[in-house]
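One structure is given here, and the rest of the page talks about it.
Along the sequence shown, the residues carry numbers beginning at 1. Only this structure's heavy atoms are used, side chains among them; waters, hydrogens and symmetry mates stay out.
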Amino acid sequence: MMFVKMCLTNLSRCNARLYPPHPFLYFLRSFSLWSMKKDPDLEAALLRNRRWIVNNQIKNIILRCPNQVASVRYLQKKFKTLDLQGKSINWLKKYPCCFEVFLEDDHEHYCRLTKRMMSLVEEEETVKDMQEPVFVERLVRLLMMSRNQRLNVVKLNEFKRNFGFPDDYIIRILPKYPDTFRLVNYSGRKSSMEIELVSWNAELAVSAVEASARKKGSDPCFSCCLPSTWIKSLERFHEFNETNYISPYSDPRGLEEGSKEMEKRAIGLVHELLLLTLWKKMSIMKLGHFKREFGLPEKLNVLLLKHPGIFYVSNKYQVYTVLLREGYNGSELIEKDPLVVVKDKFGELMKEGLHEYNQRRHLVNLEKKKKKGIVPVYSDKTKEGNTEIAEQDYSGDKLGGLFNPEERKRFYGVLFDDGAP
């Protein structure tokens, strides 16, 4: 901190005409743009969403294999793409409720999903079939918010899981609705394939803010989710809210770049996009890929940070994410999409398996210590079954270890935070 203060003091004394600003000052300025008071509940919500991501990817790899059985050797090759280290067999054995590892022909290990896991897979597919009309409506809304009523398929694929779209939505959904969607390619390049809206749907061209206002019989405006102690932020929010609401489904081409009207539409558009997602959140980097299509400003991060009453910006896991505050009550989603309910069950199954694995390893380690004549002494908290202690107890054991102790502790912290509410 002293170094930072010295740099700022010295730089402020420089004559701007003789001494150009030091690069370090630019770094500080850019860093300060991301300053936002941490919300423990929303940070916990972000952590909870990470529980199933890695194993969900492994699940999808196994399902794509012949007979839905994958060799552990094949999964090992895929580990790098999942940004995982160590031996895949050790990772898989950590989740016995999700993955069944077996030896075939006495020389090679294979993996398949457990019956409980397959049951969840079937439940997820059933939900996706039932949710097809919802997916169609979401896609229509996305296309209507875009400037030319069409979106690049490659870019949209980055968002498909945010909105719950099936991996094969292009061939699973689009052909059923030829009067609504069509695939076009005006440049001829494979990467330029786009989904275009065939007909405008006036009934769906109503934002959630407008729909809520109609029910109340009031003018459309945003909700603020800040404590009363945030006086200045509340004042800025009310000042912003007093200006006329501009629908994200309106044509932005008549708006002046950098104007208050353009800002109002951009905030409304991000608000509507987040409401359409499963977890009411989205990566700012991915959202930035659609600046041209949705007419968003270049400095989108700065715009979002100007409105803390509507959005919460987090850099958890070094990935900047924007959450819609009104979508959460504490760390819990207020309204859970049926797909989210299934994925929560998946997360609980993973956690159950990890707990079972920890307990088993804990007992093995205790037996080893007894043979060596070592009698461990635990506190009352440990006796209550704290799984974190179980992890630490065998962290020095090399058998079956995926990471070194510090790395494993970090990774467990990412996937499963037992202290999260």
Short N-O contact, Lys343 and Glu124, less than 4.0 angstrom: yes
Greater than 12 external heavy atoms within 6.0 Å of Asn60's CG: yes
Pairing of Lys155 and Glu194 as salt bridge, 4.0 angstrom limit: no
Minimum side-chain heavy-atom gap Ile195-Leu142 below 4.5 Å: no
Heavy-atom side-chain proximity of Phe311 to Leu305 below 4.5 angstrom: no
Flag side-chain contact, heavy atom, 4.5 Å: Asp39 against Leu323: no
Derivation of the ring-ring contact (aromatic ring centres under 6.0 Å, His included) call for His271 and Phe222: CA-CA 9 Å; His271 181 276; Phe222 296 104; 5.4 Å; yes
Distance (rounded to the nearest 0.5 Å) between Thr180 OG1 and Asn201 CG: 8.0 Å
More than 12 heavy atoms from other groups under 6.0 Å of NZ on Lys260: no
No-hydrogen, no-angle side-chain donor-acceptor test under 3.5 Å, Tyr186 and Glu196: yes
NZ/NE/NH1/NH2 to OD/OE distance under 4.0 Å, Lys115 and Glu100: no
Sidechain-backbone polar pair: Asn148 side chain, Arg150 backbone, donor-acceptor under 3.5 Å: no
Heavy-atom donor-acceptor pair, Ser223 side chain to Glu326 backbone, under 3.5 Å: no
4.5 Å side-chain heavy-atom contact, Leu63 and Leu113: yes
Main-chain N/O of Val69 paired with Asn67 side-chain donor or acceptor, under 3.5 Å: no
Pair Tyr245-Ser207, side-chain donor/acceptor within less than 3.5 Å: yes
Proximity of His307 and Phe237 rings by center, below 6.0 Å: no
Separation of Cys98 SG from Asn55 CG (nearest 0.5 Å): 5.5 Å
Asn244 atom CG: more than 12 heavy-atom contacts under 6.0 Å: no
Donor on one side chain, acceptor on other, Asn90 and Lys93, under 3.5 Å: no
No-hydrogen, no-angle side-chain donor-acceptor test under 3.5 Å, Thr243 and Lys264: yes
Non-hydrogen atoms of Asp179 and Ser199 that approach each other most closely: O-OG, 3.3 Å
Over 12 foreign heavy atoms within 6.0 Å of CE, Met118: yes
Distance, nearest 0.5 Å, that separates CD of Glu132 from NZ of Lys176: 3.5 Å
Shortest non-hydrogen contact between Cys97 and Arg116, atoms and distance: SG-NH1, 4.0 Å
Ion pair check, Glu123 and Lys345, cut-off under 4.0 Å: yes
Side chains of Lys280 and Ile334 in contact at under 4.5 Å (non-hydrogen atoms): no
Interatomic distance, Leu349 atom CG to Asp344 atom CG [nearest 0.5 angstrom]: 12.5 Å
Short side-chain donor-acceptor distance under 3.5 Å, Tyr312 and Asp41: no
Backbone N/O of Glu332 and side chain of Asn329: donor-acceptor pair under 3.5 Å: no
Approximate separation, where rounding is to 0.5 Å, of Leu274 CG and Ile310 CD1: 10.5 Å
Arg141 side chain vs Leu204 backbone, donor-acceptor pair below 3.5 Å: yes
Cation-pi geometry met for Arg112 and Phe102 (6.0 Å, 45°): yes
Glu125 and Arg172 ion-paired at < 4.0 Å: yes
Minimum heavy-atom distance between Ala211 and Val206, given as atom pair plus value: N-CG1, 3.9 Å
Whether over 12 other heavy atoms sit under 6.0 Å from Glu104 CD: yes
Ion pair Asp337/Arg138, N-O distance below 4.0 Å: yes
Any side-chain heavy-atom pair of Gln131 and Pro338 under 4.5 Å: yes
Glu108 side chain to Leu103 backbone, donor-acceptor under 3.5 Å: no
Ring geometry between Phe165 and Phe135 (parallel below 30°, tilted from 30 to 60°, perpendicular above 60°): perpendicular
Electrostatic pair Arg147:Glu293 at N-O distance under 4.0 angstrom: no
Check: Leu75 main-chain N/O paired with Ser88 side-chain donor or acceptor under 3.5 Å: no
Short side-chain to backbone donor-acceptor contact, Lys336 and Val341, under 3.5 Å: no
Thr277 side chain to Asn162 backbone, donor-acceptor under 3.5 Å: no
Aromatic plane relationship, Phe181 with Tyr177 - under 30° parallel, 30 to 60° tilted, over 60° perpendicular: perpendicular
Interatomic spacing from NZ in Lys286 to NE2 in His289 - rounded to 0.5 Å: 9.0 Å
Ring-ring centroid check Phe290 Phe159, cutoff 6.0 Å: yes
Donor-acceptor pair, side chain of Gln149 and main chain of Ser146, under 3.5 angstrom: yes
4.5 Å side-chain heavy-atom contact, Glu43 and Lys38: yes
